[in-house]
Amino acid sequence: MNRFLRDEYLDAMGIQQWVSRERPATTDTLPEDVTITPAAGCGSADEAAVSGLDWPALEDRVARCTRCVLHETRTRTVFGTGKRTADWLIIGEAPGADEDRQGEPFVGRAGQLLTAMLQAIGYARDEVYITNILKCRPPGNRDPLPGEVDCCHDYLERQIKLIGPRLILVVGRIAAQNLLQTDLPIGRLRGSVHRYGDAGIPLVVTYHPAYLLRNPADKAKVWEDLCLAMKTLEAGQPGSQKAD
Ligand code: SF4
């Protein structure tokens, strides 16, 4: 059967399709889980070295990074902020104008809403770690290009290894589709506990706070997602091994 026709049939039946770039997905104990393979890296000459960097060296490497064209237009890199041993890792898409100026992720109105979302579940902003899949702002806030995401990916991967989070909350369609390597709409990615990487870190998807500012009626759905994330954490799913 034609692949596109098959995809349409499966889509119409509500069957999720997962495509791994490196190896097939496996299942685990959670009923609706899917194991996700991280995206491939940039292929840069210094890629291997990134996997051995500690926090200061990693932050310095990102600050000097020229791997993709975004370095030409950035004001500052936006590395990430928060507790470096946090249980919760929040991953968004990319810095916007405010973040590019200040060098911190999720500032401005969307950042205030993210802070309020975290407070609603009992966490202060500095009790979690917050970062993006891209460390530099795409001009005009355009969507990240696949090559840019790939080039930046091993920085995020090293952050995940160093933090060793017990849960990843992905905010927004772009970050979710890139991390899960899928084109499925965010509405189909919400509501399930996915698994990320070799460590199988539980991963929950929700809407980006910037989307919520435009669509406040969907705040109830975000609350559902946060409750799912809390429930997953409380269920005692193992965290990933923190890197030295
Ligand atoms: S977006 Fe990432 S890969 Fe591109 S220049 Fe910035 S830090 Fe480097």
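Since the model is a prediction, treat every value here as computed from it, not as a measurement. Hydrogens, waters and symmetry mates play no part in the numbers below; they use all other heavy atoms, side chains included. Every number for a ligand or one of its atoms is a count from 1 in the order of the listing.
- Considering all non-hydrogen atoms of both residues, A110 and A210 come closest at CB-N, 3.9 Å.
- Screening K135, R142, R137 against E148 for a salt bridge (Lys or Arg N to Asp or Glu O under 4.0 Å) leaves a single residue, R142.
- Among protein heavy atoms, atom 4 (Fe) of ligand 1 sits closest to C68 SG, 2.3 Å.
- Atoms of ligand 1 lying under 4.0 Å from any heavy atom of C65, numbered from 1 in the order shown and given with element: 3 (S), 5 (S), 7 (S), 8 (Fe).
- Every atom of ligand 1 with a heavy atom of H71 under 4.0 Å away is listed here by number and element: 5 (S).
- When all heavy atoms of I133 and E93 are compared, the pair lying nearest together is CG1-O, 3.0 Å.
- At a heavy-atom distance under 4.0 Å, no atom of E148 approaches ligand 1.
- Those atoms of ligand 1 with a heavy atom of R74 less than 4.0 angstrom away are 5 (S), 6 (Fe).
- Looking at W88 and Y129, their side chains never bring a donor and an acceptor atom within 3.5 Å of each other.
- With hydrogens left out, the protein atom closest to atom 6 (Fe) of ligand 1 is C136 SG, 2.3 Å, a heavy atom.
- No donor-acceptor distance shorter than 3.5 angstrom exists from the side chain of D60 to the backbone of P56, with no hydrogens or angles considered.
- Residue contact check: C152 has heavy atoms under 4.0 Å from atoms 1 (S), 2 (Fe), 3 (S), 7 (S) of ligand 1.
- Geometrically, R84 engages W55 in a cation-pi contact, judged by NZ or CZ lying under 6.0 Å from the ring centre and within 45° of the ring axis.
- Those atoms of ligand 1 with a heavy atom of R67 less than 4.0 angstrom away are 3 (S).
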